[in-house]
Amino acid sequence: MSRKQKQRLGTIFTVLAVILIILVLDIGLITNFLTAFKSPFTISSSPPKWIFKPTLDNFRNVLGKGSFDFRLYLWNSFVIAVISSAIAIVLTIPAAYSIVRYHGFGDVILGSTMLLRLAPALAFAIPVFLIFNRFKLLDTKIAIIFMHTLFITPTSLLLFIGYIQDLPKEIEEAAAIDGANTLQILTQVLIPVLLPGIGSTAILGFITSWNEYLFSGILSFKNSITATVGTSFFITSYAVEWGNMAAAITLSTIPTALFIFIAQKSLVKGMTAGSVKG
């Protein structure tokens, strides 16, 4: 066997291995996608049918004929995720800069923030409900945005600390020599350099907020229901509407998939950030 044939064979095996890994890791997503296009009769058939006549009835039920406004739920999820991730970024960039450059109580602040991720979310459920009920903020986007921001902040802070630690301090010293104050250094020097990291952090924050279920379910009843919560409405006391639920899940994955696809370059740059070309 020639060297060229060996390389071609190796490429084929690599492609097959990648396809196999994708199928294994995404079998649940693939099955859900297929279920979204099945009729109730096909879904209930045994053994399961992999070859069938697709139908769009489930999507019509979810988007038009159903008793729930799933389009509103998707819009709520989008607005909440964008605002939550944006607020977390605005808060954590200066916090990370102060922790890295000025030390002081930085370790205490970082440790206290990380406790938000270590503590089980369910432990906050009842207190959070009572607090927002006291301030008449139940079933509002404000309440959910506040909670999502709390859960996004620790990860964002940890990421920005790593990004800023990898930046050479000389660029800040050069800006200070030119007369820039701390705010100008942060906004005009560091933030432009941190743009790839900001992009990747925004993506991770968006996905975290979009997929959050517990507090979105506790704090919403009608007006601020998110897509993840709305998907569960197809589980009734009479039956589980598998086709409609699969269609709702499929629709819920589209925005995050598009968001990642569009911003994947920023995500890769942000994950590999840590060097600055002089």
Side-chain angles (χ1 to χ4, degrees), residues 18 21-22 25-26 29 74 77-104 106-107 109-114 116-117 145-212 252-278:
V18 170
I21 292 173
I22 292 174
L25 294 179
D26 295 331
L29 187 62
L74 290 171
S77 289
F78 180 79
V79 172
I80 291 170
V82 169
I83 296 178
S84 299
S85 56
I87 293 175
I89 288 173
V90 171
L91 293 176
T92 53
I93 289 179
Y97 180 75
S98 63
I99 290 173
V100 173
R101 295 296 186 237
Y102 296 102
H103 305 292
D107 294 338
I109 296 173
L110 180 60
S112 301
T113 306
M114 289 301 108
L116 291 173
R117 298 299 295 170
I145 289 171
F146 181 85
M147 292 308 303
H148 286 193
T149 302
L150 283 182
F151 282 97
I152 296 171
T153 296
T155 303
S156 299
L157 180 62
L158 198 61
L159 288 172
F160 281 123
I161 287 176
Y163 298 148
I164 295 174
Q165 283 177 336
D166 289 336
L167 294 179
K169 200 173 182 180
E170 287 75 14
I171 60 175
E172 300 170 44
E173 294 173 348
I177 292 174
D178 291 337
N181 56 36
T182 303
L183 181 60
Q184 290 173 327
I185 292 174
L186 182 62
T187 57
Q188 299 178 19
V189 178
L190 290 185
I191 288 182
V193 177
L194 289 172
L195 284 179
I198 292 174
S200 61
T201 305
I203 293 172
L204 294 176
F206 182 92
I207 295 173
T208 300
S209 175
W210 186 276
N211 293 329
E212 201 280 327
S252 299
T253 60
I254 292 176
T256 52
L258 289 176
F259 194 72
I260 293 174
F261 179 78
I262 294 172
Q264 60 181 329
K265 290 184 178 180
S266 296
L267 181 61
V268 173
K269 289 181 180 178
M271 290 304 179
T272 58
S275 61
V276 178
K277 295 181 180 180

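Sequence positions, counted from 1, serve as the residue numbers for this chain. For the numbers below, each heavy atom of this structure counts, side chains included, while hydrogens, waters and symmetry mates do not.
In this structure, the separation between CZ on F78 and OG1 on T256 is 12.0 Å, given to the nearest 0.5 Å. Note that OH of Y97 is 4.5 Å distant from OH of Y102, once rounded to the nearest 0.5 Å. Here the CD1 atom belonging to I185 is positioned 10.0 Å from the CZ atom belonging to R101, to the nearest 0.5 angstrom. Rounding to the nearest 0.5 Å gives a distance of 11.0 Å between OG of S200 and CG of L195. Taking CG from L167 and CG from L194, the interatomic distance works out to 5.5 Å, rounded to the nearest 0.5 Å.
Pairs engaging residues 187-212 under the salt bridge (Lys or Arg N to Asp or Glu O under 4.0 Å) rule: none recorded [sequence neighbours left out].
Q184 contributes a side-chain N or O that, together with a main-chain N or O of N181, makes up a donor-acceptor pair within less than 3.5 Å. Judged purely by atom type and a 3.5 angstrom limit, S84 has no side-chain atom pairing as donor or acceptor with the backbone of A81.
Side-chain contact between I99 and I164 is absent, with no heavy atoms from C-beta onward closer than 4.5 Å.
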Give the table of side-chain donor-acceptor pairs shorter than 3.5 Å for residues 153-162, with sequence neighbours excluded, one pair per line with atom names and distance.
unit_1 : atom_1 : unit_2 : atom_2 : d
T153   : OG1    : T149   : O      : 2.6
S156   : OG     : I152   : O      : 3.2

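Taking each heavy atom of S252 and P255 in turn, the nearest pair found is O-CD, 3.5 Å.
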Would you check, one step at a time, whether the test side chain to side chain contact (heavy atoms under 4.5 Å, CB included) holds for V82 with W210? CA-CA 9 Å; V82 169; W210 186 276; over 6 Å; no

